[in-house]
Amino acid sequence: MGDEIRRNMALFPIGIVMKLTDLTARQIRYYEQHELIVPARTAGNQRLFSFNDVERLLEIKSLIEKGVNIAGIKQVMNPVSKESEDATVVSELSEVKRRELSDAQLHRLLKQQLLEKRPGKASLIQGQLSRFYNKK
DNA sequence: ATTCTAACA
DNA sequence: TGTTAGTA
């Protein structure tokens with residue numbers, strides 16, 4: 001398998017990624033600070049994102065909408081490694097498989113946080129959990 | 001015209 | 001997270 005190189009090619013600037021993901025530049029840069037994504041840089045320090053980066057951002061966006069914060073996302077998503085040796089592994093999983101895995105891990109997180117209802121530590125989930133205890 | 005970092009009436 | 005300032 002070798003089109004992974006194409007999925008990891010740094011191609012578009014933040015402006016395009018904003019439109020592709022409906023995320024603000026602030027959010028995209030914020031997620032990068034927390035190592036959820038590691039876009040390449042041009043000689044002029046401009047960020048260049050790959051298709052994989054965009055996919056990850058969409059995943060992040062999805063989790064954020066489910067109420068998961070950065071700490072939670074870090075646990076659910078595969079951490080970005082070296083020069084994308086991990087992006088290769090990730091690309092070997094089908095889109096559906098990845099979603100199933102994410103949901104399973106999300107449930108684990110939910111169960112975990114429901115058990116450690118201890119005050120003091122910040123919860124990994126914030127708000128709208130309706131999908132899990134309400135929905136069907 | 002775009003993007004970047006840093007910072008907060 | 002928004003937003004703005006001062007650059008590159």
Side-chain angles (χ1 to χ4, degrees):
Chain A
M1 122 36 102
D3 67 12
E4 66 187 65
I5 82 172
R6 254 161 294 191
R7 291 185 169 176
N8 280 309
M9 282 198 291
L11 301 175
F12 11 72
I14 199 168
I16 291 178
V17 178
M18 288 174 69
K19 297 176 180 176
L20 262 37
T21 64
D22 282 297
L23 289 171
T24 64
R26 178 76 163 83
Q27 291 176 301
I28 296 172
R29 293 171 183 140
Y30 180 70
Y31 303 149
E32 176 187 28
Q33 289 190 233
H34 289 272
E35 304 177 276
L36 265 36
I37 52 170
V38 186
R41 295 286 183 139
T42 65
N45 198 42
Q46 303 275 101
R47 267 169 273 251
L48 281 188
F49 303 75
S50 66
F51 281 102
N52 272 316
D53 290 326
V54 175
E55 285 181 27
R56 286 184 69 85
L57 284 171
L58 289 174
E59 239 285 9
I60 294 169
K61 183 192 173 193
S62 166
L63 291 170
I64 288 293
E65 295 175 327
K66 289 174 181 171
V68 182
N69 62 192
I70 303 300
I73 295 177
K74 284 183 179 178
Q75 290 180 49
V76 183
M77 288 184 78
N78 343 35
V80 176
S81 62
K82 326 302 176 187
E83 261 54 86
S84 24
E85 71 180 27
D86 138 88
T88 299
V89 179
V90 175
S91 62
E92 285 173 13
L93 299 170
S94 70
E95 193 67 21
V96 272
K97 275 299 179 183
R98 263 186 290 180
R99 287 212 164 295
E100 289 175 15
L101 188 60
S102 291
D103 274 3
Q105 299 183 74
L106 219 190
H107 276 99
R108 181 177 61 68
L109 279 180
L110 288 173
K111 188 179 300 178
Q112 172 187 307
Q113 81 119 45
L114 283 178
L115 295 180
E116 49 184 85
K117 275 291 184 180
R118 304 188 300 267
K121 295 181 180 179
S123 166
L124 294 176
I125 288 75
Q126 352 182 279
Q128 66 278 262
L129 292 172
S130 53
R131 174 191 172 196
F132 292 101
Y133 48 63
N134 267 338
K135 191 173 180 181
K136 85 114 172 14

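In the text below, chain A, chain B and the rest are named by the order of the sequence lines, each starting its count at 1. Everything numeric in this text was worked out from a predicted model, so none of it was measured.
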May I ask you to evaluate whether A/Gln46 reaches the phosphate of B/dT3, defined as a side-chain N or O under 4.0 Å from OP1 or OP2?
no
Which of these nucleotides, C/dT1, C/dG2, B/dC4, is closest to any side-chain atom of A/Thr24?
C/dG2
Side chain to side chain contact (heavy atoms under 4.5 Å, CB included) assessment of A/Tyr31 paired with A/Ile73:
CA-CA 10 Å; A/Tyr31 303 149; A/Ile73 295 177; 6.0 Å; no
Between A/Arg47 and A/Arg41, does the side chain to side chain contact (heavy atoms under 4.5 Å, CB included) criterion hold? Intermediate values first, please.
CA-CA 5 Å; A/Arg47 267 169 273 251; A/Arg41 295 286 183 139; 2.8 Å; yes
Using purine N1 to pyrimidine N3 plus N6-O4 or O6-N4 for Watson-Crick, or N1-O2 and O6-N3 for G-U wobble, both under 3.5 Å, which nucleotide pairs with B/dA1?
none
Full working for side chain to side chain contact (heavy atoms under 4.5 Å, CB included) between A/Ile14 and A/Arg29
CA-CA 9 Å; A/Ile14 199 168; A/Arg29 293 171 183 140; 3.8 Å; yes
Of A/Gly15 and A/Arg26, whose closest DNA chain B nucleotide lies nearer the 5' terminus?
A/Gly15
Where the side chain of A/Arg41 is defined as all heavy atoms beyond and including C-beta, which of C/dT1, B/dT5, B/dT3 is the nearest nucleotide?
B/dT5
Is it the case that the base of B/dT3 and the side chain of A/Arg47 share a donor-acceptor contact (distance under 3.5 Å, atom types as modelled)?
no
What does C/dT7 pair with, Watson-Crick or G-U, if both distances are under 3.5 Å?
none
Distance in angstrom units between A/Asp22 CG and C/dT1 P, rounded
13 Å
Walk me through whether A/Ile28 and A/Phe49 qualify under side chain to side chain contact (heavy atoms under 4.5 Å, CB included).
CA-CA 11 Å; A/Ile28 296 172; A/Phe49 303 75; 3.6 Å; yes
Return no unless some side-chain N or O of A/Tyr31 is found under 4.0 Å from OP1 or OP2 of C/dT1.
yes
